[in-house]
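First up is the structure itself, then whatever we jot down about it.
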Amino acid sequence: MDDSSVLLATWNVNSLRARMDRVMEWMACAKPDILCLQETKMPDSAFPADVFRDAGYDSIHHGDGGWNGVAILSKMALSDADTGFGDGADELGCRLVSAMCGNTRIVSVYVPNGREVASEYYNGKLEWLANLKRYINTRHVPEERLVICGDFNIAPDDRDVWDPKAFVGLTHVSAPEREALHDLISWGLYDCFRIHYSQSGLYSWWDYRGGAFHQHRGMRIDLVLATRPVAEECSFALMDRTARKGKQPPDHVPVAVWLDMQR
DNA sequence: ATGGTTGCGAAGCAA
């Protein structure tokens, strides 16, 4: 990692209020250039933009209460920020924020969980994913510098779940969810983590219950998707399992990618 | 054993 590489990370923090000390600690250690957050679980009025500014980060937040909430932090100035799908489509509550960061468009997303297959929430998840595809397709082209990252609440394939047999009939792995994600990716995106790793058993999330983390029962549902111009510059990727350890850990860990691009 | 844990908000609900 030379001085010209940019470190971009995405992290579902499961309440920024509860995780602020950990987030600041991780940022001081990893020094990401760009950090996308999900599940801040706070309204814009509570978002600590001043604290991040003091730490050297510009920021944009989109949240309206105790659930969901997404943000982008950046050492470079953010501009042309936008929230939601912007076309009147129901975004199911503060799940998308976007901004220009240098010459690259950054989108931070928190895809709905879906709760149970065939539920109204599951159908809403599929609809939200279709809206995301439409949002991207109407505003961007694959030749642009574009990153869409966040908690997709979908394990792209069976390598990304600890036991596929245990997930039969459950959300996050169902064919319609995976097809919706594939439909988005096939528009012209690359899964940056998979550029560097092909093996199974590498996860970004572990259930709090049942000692799942220590039993290696997790899923890879937090993704950094990028168009070809950005993906070609992706020299390395990591999911920081250390962030799942210690006191009051979040259930997700940061997914980080190094991009050899000019600042 | 429809369990288990965490956060929100102040009791269940969402994940």
Side-chain angles (χ1 to χ4, degrees), chain A residues 10-26 36-48 51 61-71 84 90-97 108-129 132 149-156 160-174 176-178 180-181 203-223 239-255:
Chain A
T10 183
W11 194 5
N12 178 324
V13 294
N14 186 20
S15 171
L16 184 56
R17 209 186 309 268
R19 223 67 64 193
M20 190 61 183
D21 289 349
R22 272 187 170 260
V23 170
M24 295 303 290
E25 189 178 334
W26 190 83
C36 294
L37 302 177
Q38 297 85 36
E39 282 211 82
T40 60
K41 293 187 175 180
M42 57 173 54
D44 292 339
S45 58
F47 184 75
V51 177
H61 179 257
H62 179 43
D64 64 2
W67 304 102
N68 309 328
V70 287
D90 180 15
E91 57 181 279
L92 299 177
C94 301
R95 294 176 177 277
L96 185 150
V97 64
S108 175
V109 300
Y110 175 45
V111 176
N113 174 283
R115 301 192 193 179
E116 292 179 27
V117 170
S119 69
E120 61 176 303
Y121 302 97
Y122 176 83
N123 294 331
K125 178 181 192 176
L126 296 178
E127 187 180 343
W128 196 94
L129 288 162
L132 177 60
C149 62
D151 178 0
F152 283 79
N153 270 317
I154 299 171
D160 302 311
V161 296
W162 63 273
D163 182 5
K165 293 190 295 297
F167 283 85
V168 173
L170 301 183
T171 57
H172 296 61
V173 303
S174 74
E177 289 166 89
R178 284 177 166 172
L181 177 61
Y203 308 130
S204 66
W205 172 87
W206 298 260
D207 200 307
Y208 280 123
R209 298 166 291 188
F213 178 68
H214 299 286
Q215 298 183 58
H216 309 293
R217 297 178 173 178
M219 286 197 283
R220 190 177 72 95
I221 56 178
D222 299 271
L223 310 175
M239 298 194 287
D240 182 10
R241 293 181 78 258
T242 308
R244 187 62 173 75
K245 302 178 181 181
K247 282 184 61 180
Q248 290 189 298
D251 44 357
H252 299 249
V253 297
V255 180

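To find a chain, count down the sequence lines: A is the first, B the second, and so on, and within it residues start at 1.
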Could you give the distance separating B:dA1 and B:dA11 at their C1' atoms, to the nearest angstrom? 24 Å
Query raised in the report: Does OP1 or OP2 of B:dA15 have a side-chain N or O of A:R115 closer than 4.0 Å?
Result: yes
Taken to the nearest 0.5 Å, the spacing of A:R95 CZ from A:N68 CG works out to 4.0 Å
Closest of B:dG4, B:dC8, B:dT6 to the A:R19 side chain is B:dT6
* Report yes if a side-chain nitrogen or oxygen of A:R17 is closer than 4.0 Å to either non-bridging phosphate oxygen (OP1 or OP2) of B:dG7; otherwise report no. => no
Rounded to whole Å, CZ of A:F213 lies from P of B:dT6 at a distance of 14 Å
Exercise. Between A:Y121 and A:T171, is a side-chain hydrogen bond (donor to acceptor under 3.5 Å, both in side chains) present by the stated rule, with each step listed?
Worked result: CA-CA 11 Å; A:Y121 302 97; A:T171 57; over 6 Å; no
A:N14 CG to B:dT6 P, in whole Å, measures 11 Å
Separation between the P atoms of B:dG7 and B:dT2, rounded to whole Å: 26 Å
query = Can you check whether A:W128 reaches A:L96 side chain to side chain, under 4.5 Å on heavy atoms?
reply = yes
In whole angstroms, the gap separating P of B:dG7 from CE of A:M42 amounts to 13 Å
Rounded to whole Å, NZ of A:K41 lies from P of B:dT6 at a distance of 12 Å
In whole angstroms, the gap separating C1' of B:dG9 from CH2 of A:W67 amounts to 9 Å
- prompt: Does some side-chain heavy atom of A:M42 sit less than 4.5 Å from a side-chain heavy atom of A:R17?
  reply: yes
Of A:Y110 and A:D207, the one whose nearest nucleotide on DNA chain B sits closer to the 5' end is A:D207
A:W205 CH2 to B:dA15 P, in whole Å, measures 12 Å
Comparing nearest nucleotides in DNA chain B, the 5'-proximal residue of the pair A:D151, A:A18 is A:A18
Here the distance between atom P of B:dT6 and atom OH of A:Y208, to the nearest Å, is 7 Å
To the nearest angstrom, the NE2-C1' distance between A:H252 and B:dA15 comes to 8 Å
**Phosphate contact (B:dT6 OP1 or OP2) by A:S15 side-chain N/O below 4.0 Å** = no
* Asked: How far does the P atom of B:dG9 sit from the matching atom of B:dG4, given to the nearest Å?
  -> 24 Å
Discussion item. So for atom CD, which belongs to A:Q215, do other residues, nucleotides or ligands contribute more than 12 heavy atoms lying within a distance under 6.0 Å?
Written reply: yes
Fill in: Same-atom distance (P) from B:dG12 to B:dG3, integer angstrom
15 Å
Give me the distance, rounded to whole Å, that separates B:dA10 from B:dT5 when you measure between the P atoms they each carry.
24 Å
Winner on side-chain proximity to A:Q248, out of B:dA15, B:dG7, B:dT6, is B:dG7
